[in-house]
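See below for the structure under consideration.
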Amino acid sequence: MTNPILVALDTSDSDAALALAEKLAPVVGGFKIGSELFTSAGPDIVRSIREMDKDVFLDLKFHDIPNTVAHAVAAATRLDIQMLTVHTSGGHTMLEAAVTASKEEAAALGITPPLVLGVTILTSLGSDDMQKIGMDANVSRQVHRLSRLAADSGIHGLVCSPLEVAKLRQEMPEYFTLVTPGIRRSEDTRSDQKRTLSAPDAIEAGADRLVIGRPICAAPDPRKAAEEILRSITA
Ligand code: C5P
């Protein structure tokens, strides 16, 4: 079985990120590199993690005109990453362009294309915010609409809250990869995460990969924390 744990390297310090990644590499499936680390450390941090033979989830949430997103996805594909994100609200043409670019660039390089994953509605947005930006104030209806759009545009999966996984698993095509943050053990502090599940519960609900940050990175012994979480889902 693929190790489903993707550790979120949420820091701007590339040395600290690499040191942590080296410590965790034997017990996790890969690492999520988001806009903070990528903007600070650039593509070199991606290459260093790939040299450890670990998966990279490049979470830059592309959202632009289709041509620009296609070129950004092609550039990301050249880094030999395994997953990347785009905003589904970028629309059908943008989503299709992202998928096509990943496939064409990977074929030209003779590598496996990354999974293009959709982000629907950021969990930081509530119905008030939705109304102010002129979207359906019913968040779950809007999530559903964008998820369908993603599937119809050839996207390979979604990033979603652990509490949405079971429903999406039923509604979305079988091949869809569902990646979920918001993972907490009962002993973890929830911090700013409100809608959480434990790792085994998220897997049980149908999640394929788990993005875990502070429960591992902020633990006194990050490797031990990762090992415990891995044991909880493989036992
Ligand atoms: O530290 P924690 O486990 O909460 O980190 C979760 C990671 O997943 C962070 O990188 C965060 O930005 C990301 N994320 C999230 N909620 C979302 C989407 C992404 O927590 N809805």
Side-chain angles (χ1 to χ4, degrees), residues 4-14 16-17 20-21 24 27-41 45-46 49 54-63 81-89 115-127 129-130 135 139-140 142-144 146-147 150 155 157-165 167-168 177-203 205 207-220 222-223 225-226 228-230 232-233:
I5 302 175
L6 300 170
V7 176
L9 296 173
D10 290 328
T11 170
S12 56
D13 180 338
S14 78
L20 184 63
L24 293 171
V27 292
V28 303
F31 297 93
K32 188 190 85 145
I33 297 175
S35 46
E36 180 186 5
L37 184 57
F38 192 79
T39 306
S40 313
I45 188 79
V46 177
I49 302 275
K54 291 283 117 182
D55 286 354
V56 169
F57 171 22
L58 191 62
D59 186 21
L60 299 179
K61 300 186 178 68
F62 296 134
H63 187 178
I81 56 160
Q82 283 58 55
M83 281 169 270
L84 62 86
T85 43
V86 294
H87 270 286
T88 50
S89 53
L115 296 176
V116 177
L117 304 175
V119 173
T120 55
I121 298 298
L122 297 171
T123 45
S124 51
L125 295 177
S127 39
D129 303 292
M130 302 281 288
M135 278 185 170
V139 178
S140 68
Q142 187 65 13
V143 167
H144 181 78
L146 290 171
S147 307
I155 287 281
L158 291 170
V159 179
C160 59
S161 137
L163 302 185
E164 286 162 1
V165 168
K167 189 162 176 266
L168 287 169
T177 294
L178 297 178
V179 177
T180 175
I183 301 299
R184 291 292 183 270
R185 296 168 299 178
S186 49
E187 68 266 36
D188 290 326
T189 49
R190 295 190 168 204
S191 315
D192 49 355
Q193 296 282 16
K194 294 194 180 83
R195 305 168 72 217
T196 67
L197 275 189
S198 70
D201 287 349
I203 295 285
D208 298 293
R209 309 296 295 257
L210 311 174
V211 172
I212 309 177
R214 289 161 289 183
I216 292 176
C217 303
R223 177 161 168 158
E228 277 171 19
I229 295 173
L230 183 60
S232 74
I233 46 187

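Since we're looking at a predicted model, the values are computed, not measured. Just so you know, ligand 1 is whichever comes first in the structure, and atom 1 is the first atom listed for that ligand.
The distance from the OG1 atom of Thr85 to the CZ atom of Phe57 is 5.0 Å, given to the nearest 0.5 Å. Put simply, CZ on Arg214 and CG on Asp188 are 10.5 Å apart, with the number rounded to the nearest 0.5 Å. We find the OG-CG distance between Ser232 and Asp201 to be 9.0 Å, quoted to the nearest 0.5 Å. Annotation: the span from Ile203 atom CD1 to Ile183 atom CD1 amounts to 7.5 Å, rounded to 0.5 Å.
Legend: residues meeting side chain to side chain donor-acceptor pair (under 3.5 Å) with His144, ordered by chain and number and at least two apart, are Glu171.
Protein residues having at least one heavy atom under 4.0 Å from any atom of ligand 1 are Ala8, Asp10, Lys32, Thr123, Pro181, Arg184, Gln193, Val211, Ile212, Gly213, Arg214, Pro215, listed by chain and number.
A donor-acceptor pair under 3.5 Å links the side-chain atoms of Lys54 to the main chain of Val28, judged by distance alone.
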